[in-house]
Amino acid sequence: MKKIISICLLTFTLFSCNSDEIINGFDFDTSLNISITGSNGHDLLDPINSDAFDQSKIKILYLVGGKLIQKPNGTDYPGNFLIYKQDNRTIMRIFLNDSEDEKYPETYIQWDENHTDIIKIEFNRTKNAVSKKTIWFNNELKTDIVPYLKIVK
């Protein structure tokens, strides 16, 4: 009886494996984590600092078809950003403009009425993935973004 069960299991295992079958996932990496520090060393995203940006006034805008728009990106964050703590810093995760219609999609971070920064991005797009290739912050190429992009204002 043990031989019959063993043979059945072995047969099932052999026929269930198909070397032609490829399991495809999808990698959608269209967010960017940043920290913002003032020239005085203050964390400008930490509300305990008097010179920090008011998080309720921050707007994320996307340049699409020559127009700046606010649009939901399908996440649980309708403002298209998330603030969290990491390494004793306050970090902002920005959900970037990932428009396929734009060669270099632009995301505008409007901190308040007087301060706006622009993130321009080039994506690698394949059948299975969308990932960041090249990032510019206010037209300056940024290569050091691990674990997050560090900006000094």
Side-chain angles (χ1 to χ4, degrees), residues 13 15-153:
T13 303
F15 285 109
S16 67
C17 295
N18 182 348
S19 62
D20 295 336
E21 184 178 323
I22 298 173
I23 298 173
N24 292 322
F26 194 82
D27 182 22
F28 195 68
D29 179 22
T30 61
S31 65
L32 180 66
N33 299 330
I34 64 171
S35 71
I36 304 287
T37 306
S39 58
N40 59 4
H42 287 174
D43 182 343
L44 296 179
L45 292 173
D46 192 338
I48 66 166
N49 293 321
S50 61
D51 55 349
F53 292 112
D54 181 346
Q55 294 177 15
S56 67
K57 292 184 180 180
I58 298 172
K59 291 182 185 174
I60 304 298
L61 304 166
Y62 300 147
L63 185 64
V64 178
K67 296 180 183 177
L68 282 177
I69 62 169
Q70 279 186 290
K71 71 173 189 172
N73 65 359
T75 69
D76 291 335
Y77 306 99
N80 293 330
F81 71 92
L82 158 72
I83 304 284
Y84 64 96
K85 289 285 194 177
Q86 179 180 334
D87 304 329
N88 295 319
R89 300 286 312 159
T90 309
I91 306 300
M92 180 181 203
R93 175 169 294 153
I94 302 164
F95 299 100
L96 300 167
N97 179 0
D98 61 358
S99 173
E100 292 182 38
D101 298 332
E102 307 290 332
K103 183 173 182 179
Y104 302 105
E106 292 183 11
T107 303
Y108 287 64
I109 308 168
Q110 189 176 58
W111 301 105
D112 56 33
E113 304 80 35
N114 302 314
H115 300 92
T116 300
D117 290 313
I118 303 169
I119 299 170
K120 184 167 66 172
I121 190 144
E122 179 182 19
F123 288 106
N124 275 331
R125 296 180 191 272
T126 66
K127 179 178 141 186
N128 297 32
V130 176
S131 59
K132 298 179 293 285
K133 179 178 178 183
T134 311
I135 298 170
W136 295 269
F137 189 85
N138 293 332
N139 288 322
E140 184 180 325
L141 179 65
K142 297 294 181 179
T143 56
D144 187 18
I145 61 168
V146 177
Y148 42 80
L149 178 60
K150 297 170 183 126
I151 304 297
V152 177
K153 290 196 156 281

Using the salt bridge (Lys or Arg N to Asp or Glu O under 4.0 Å) criterion, which residues pair with K142? Sequence neighbours excluded. E140

Please report the interatomic distance CD1(I109) to OG1(T116), rounded to the nearest 0.5 Å. 9.5 Å

State which residues pass side chain to side chain contact (heavy atoms under 4.5 Å, CB included) with A52; sequence neighbours excluded, sorted by chain then number. N49

Between H42 and N40 the two heavy atoms that sit nearest each other are N-OD1, 3.0 Å

Could you go step by step and tell me if D98 and Y62 meet the side chain to side chain donor-acceptor pair (under 3.5 Å) rule? CA-CA 9 Å; D98 61 358; Y62 300 147; over 6 Å; no

Contacts table for residues 144-153: side-chain donor-acceptor under 3.5 angstrom, sequence neighbours left out:
{"unit_1": "K153", "atom_1": "NZ", "unit_2": "D117", "atom_2": "OD1", "d": "3.0"}
{"unit_1": "K153", "atom_1": "NZ", "unit_2": "D117", "atom_2": "OD2", "d": "2.7"}

Show the numbers, then the answer: is there a side chain to side chain donor-acceptor pair (under 3.5 Å) between D54 and S56? CA-CA 5 Å; D54 181 346; S56 67; 2.7 Å; yes

By salt bridge (Lys or Arg N to Asp or Glu O under 4.0 Å) - contacts of D46 (at least two apart): K85

Can you name the residues that form a salt bridge (Lys or Arg N to Asp or Glu O under 4.0 Å) with E113, not counting sequence neighbours? none

Heavy-atom closest pair (Q55 atom, P47 atom, distance to 0.1 Å) is NE2-CD, 3.9 Å

I'd like to know if the side chain of N80 and the backbone of L96 have a donor-acceptor N/O pair within less than 3.5 Å. no

Quick one: does R93's side chain get under 4.5 Å of Y84's, heavy atoms only? yes

Hey, is the main chain of N97 close enough, under 3.5 Å, to the side chain of T107 for a donor-acceptor pair? yes

Go through the steps to decide whether Y104 and E102 satisfy the test side chain to side chain donor-acceptor pair (under 3.5 Å), and finish with yes or no. CA-CA 5 Å; Y104 302 105; E102 307 290 332; over 6 Å; no

R89: which residues meet the salt bridge (Lys or Arg N to Asp or Glu O under 4.0 Å) condition with it, sequence neighbours left out? D43

Is it true that, when you exclude N88 itself, more than 12 heavy atoms of the residues, nucleotides or ligands shown sit nearer than 6.0 Å to its CG? no

CA sep, side-chain torsions, deciding dist, call: M92, L82, side chain to side chain contact (heavy atoms under 4.5 Å, CB included): CA-CA 6 Å; M92 180 181 203; L82 158 72; over 6 Å; no

